[in-house]
Amino acid sequence: MSSITSDYHDVPAIHRAPEYVRAIAPYVGGKPIEELARELRLDPASIVKLASNENPRGPGREAREAIARAAAELQRYPDGNGYALKQALARRHSHSIDEIVLGNGSNDVLELVAQAFLRPGDETVYSRHAFIVYALATQARGARGVEVPAREYGHDLAAMRDAITPRTRIVFIANPNNPTGTWLAAEAVEAFVAAVPRDVIVVVDEAYDDYLEPAQQSPAIGWIGRRPHLVVTRTFSKAFGLAGLRIGYGVMDAEVAALLNRVRQPFNVSALAQAAALAALADTAYVEESRRINREGLRSFEDGFASLGLEWLPSRGNFVLVRVGDAMRVYQALLERGVIVRPVANYGLPEWLRITVGIPAENARLLVALGEALAAARGCADG
Ligand SMILES: *Cc1c(COP(=O)(O)O)cnc(C)c1O
């Protein structure tokens, strides 16, 4: 894939599309299992995909049953206000339902913030190596993304504060961050939010918060009453195991939520997604077990990487960044062994691979394949 910048003879209208849209480099996701299976003529069931930070366990039973029940009513539009789910979320976070905006994934909420607040020429601020959707959402509006150099691969909050100008409309923070797995303590985030001018929106993206140990989970949603420029996003795609359904949400001041609802599609979250999320929210045992499996998987990766003599970044997410040298070669060698991981050169990390924590058998398979792939990439696979 490449960005559309060259001449078009067939569709002259493309010339009329905004230059900043034509210049967008498309998002590159994890390679789908079916695609690799076709390319290598492999049984899809034999492929291990640890590339998109999905929960490897599949959705919980409660969520699956809710989906089956909701399927019987699919001739109807979903509740455009997501009343039942918002009520449950409001209870969970001690906020009112008019302070919650549901999205088709939390990605949708990030886009809604960009759509509501950005016009061409405005600026957003985010960190180098931060989640790439911040840059995409910015560029799609003709705004300018100010990428602040990272500090030890994580957010440099002091430098981000200094990068705010009168043109800044939004600051994005991912905590924990994807793809680095770095994490900021609550006190640091709280001080940052307090230091950002009130006419600048601060988005704290907490997609991985449910993977944190309870004592480390973010209290940021609780600051919204005092900090009306704060938007906190969460998702059902990661620890709740519902990435395929696309549902996430943001918590924010009611006036900010009302603004986002003006640009939101009336039915942006499907009926199945709402029903599944409601059930998943109540299934605390599933999330706790997912957290435990993730913790143990991270530990087995760390042990494995240490045995292979590899450097990695300590991660608070369900994935880990490991330094392998020529990452594209190692990535290809892993694909040949039926294992899909994620190259992150597009994040400015060409020597690293991001590997999602799987179930124990997948993690073991990855570690064996990684040892072989490293040897193959060094050109000594066949002795
Ligand atoms: C996965 C992810 C998201 C959003 O995922 P959705 O599936 O759209 O909810 C948001 N932020 C970060 C940092 C992520 O890694």
Side-chain angles (χ1 to χ4, degrees), residues 29-30 49-56 106-107 110 126-135 147-157 160 172-186 188-189 203-218 220 233-235 237-240 243 287 290-306 308 310-324 327 330-331 334 340-359 362-363 366-367 370:
K49 184 184 175 199
L50 302 174
S52 299
N53 298 351
E54 297 143 341
N55 189 322
S106 59
N107 196 146
L110 300 173
Y126 45 81
S127 176
R128 179 143 175 87
H129 313 314
F131 189 46
I132 219 152
V133 164
Y134 314 146
E147 186 185 271
V148 176
R151 197 168 134 222
E152 290 167 31
Y153 298 98
H155 293 61
D156 182 340
L157 292 180
M160 289 180 73
F172 291 101
I173 289 179
N175 197 35
N177 183 44
N178 168 22
T180 57
T182 52
W183 176 76
L184 297 159
V189 180
V203 176
V204 180
D205 174 351
E206 299 184 337
Y208 299 95
D209 190 77
D210 299 283
Y211 272 118
L212 295 172
E213 299 306 322
Q216 291 171 341
Q217 289 179 357
S218 172
T233 60
R234 299 279 185 100
T235 184
S237 297
K238 308 284 161 62
F240 288 99
V287 176
S290 297
R291 197 180 295 141
R292 186 187 66 74
I293 288 172
N294 185 58
R295 186 172 55 230
E296 291 175 5
L298 273 177
R299 206 173 300 142
S300 74
F301 276 172
E302 291 176 353
D303 292 345
F305 297 158
L308 292 168
L310 297 173
E311 180 189 353
W312 73 89
L313 297 185
S315 172
R316 303 289 182 122
N318 66 336
F319 56 89
V320 59
L321 207 57
V322 61
R323 191 173 215 154
V324 295
V330 178
Y331 168 69
L334 282 169
I340 309 173
V341 298
R342 190 72 156 268
V344 281
N346 57 337
Y347 282 93
L349 298 161
E351 295 188 358
W352 301 75
L353 290 174
R354 192 194 69 193
I355 304 177
T356 304
V357 176
I359 58 175
E362 294 171 325
N363 300 337
L366 175 278
L367 288 171
L370 183 59

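Here, residue 1 is the first one in the sequence, and each next residue gets the next number.
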For Y211 and N55, what are the C-alpha separation, side-chain angles and deciding distance, and is it a side chain to side chain contact (heavy atoms under 4.5 Å, CB included)? CA-CA 10 Å; Y211 272 118; N55 189 322; 3.6 Å; yes
Nearest non-hydrogen partners of [X] and [Y], listed with the distance:
X: S52; Y: T356; result: N-OG1, 3.5 Å
X: G154; Y: S127; result: O-OG, 3.9 Å
X: A174; Y: Y134; result: CB-OH, 3.1 Å
X: N363; Y: V357; result: OD1-C, 3.8 Å
X: W183; Y: Q216; result: CZ2-O, 3.8 Å
X: H129; Y: T180; result: CB-CG2, 3.7 Å

Side chain proximity check, [X] to [Y], heavy atoms < 4.5 angstrom:
X: S315; Y: L298; result: yes
X: E54; Y: K49; result: yes
X: N175; Y: V189; result: yes
X: L367; Y: F305; result: yes
X: L321; Y: L353; result: no
X: L313; Y: V320; result: no

For N53 and R342, does a side-chain donor sit closer than 3.5 Å to a side-chain acceptor?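 Note: N53 and R342 side chains miss the donor-acceptor criterion.
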Spacing of [X] atom [atom1] and [Y] atom [atom2] [to the nearest 0.5 Å]:
X: D210; Y: N294; atom1: CG; atom2: CG; answer: 11.5 Å
X: N318; Y: I293; atom1: CG; atom2: CD1; answer: 12.0 Å
X: W312; Y: I355; atom1: CH2; atom2: CD1; answer: 12.0 Å
X: E302; Y: R299; atom1: CD; atom2: CZ; answer: 8.5 Å

Please walk me through it: do I173 and Y126 pass side chain to side chain contact (heavy atoms under 4.5 Å, CB included)? CA-CA 6 Å; I173 289 179; Y126 45 81; over 6 Å; no
Without swapping roles, check the side chain of [X] against the backbone of [Y] for a donor-acceptor pair under 3.5 Å.
X: D205; Y: A207; result: yes
X: N177; Y: H155; result: no
X: E362; Y: I359; result: yes
X: Y347; Y: I132; result: yes
X: R354; Y: A51; result: yes

Identified salt bridge (Lys or Arg N to Asp or Glu O under 4.0 Å) partner of D209 from the options K238, R234, R316, R291: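 With D209 as partner, K238, R234, R316, R291 yield a single salt bridge (Lys or Arg N to Asp or Glu O under 4.0 Å), made by R234.
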Pairs where residues 147-156 contributes a residue and the test salt bridge (charged side-chain N to carboxylate O under 4.0 Å, His left out) is met, not counting sequence neighbours: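 As it turns out, the salt bridge (charged side-chain N to carboxylate O under 4.0 Å, His left out) pairs with a partner in residues 147-156, which skip direct neighbours, are R128-E147.
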S106: side-chain contact (heavy atoms from CB on, under 4.5 Å) partners, not counting sequence neighbours: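 Result, side-chain contact (heavy atoms from CB on, under 4.5 Å) vs S106: T233, T235.
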Between Y331 and W352, does the ring pair (Phe, Tyr, Trp, His ring centres under 6.0 Å) criterion hold? Intermediate values first, please. CA-CA 10 Å; Y331 168 69; W352 301 75; over 10 Å; no
Is the ring centre of F172 less than 6.0 Å from the ring centre of F131?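 No, the ring of F172 stays outside the 6.0 Å limit from the ring of F131, centre to centre.
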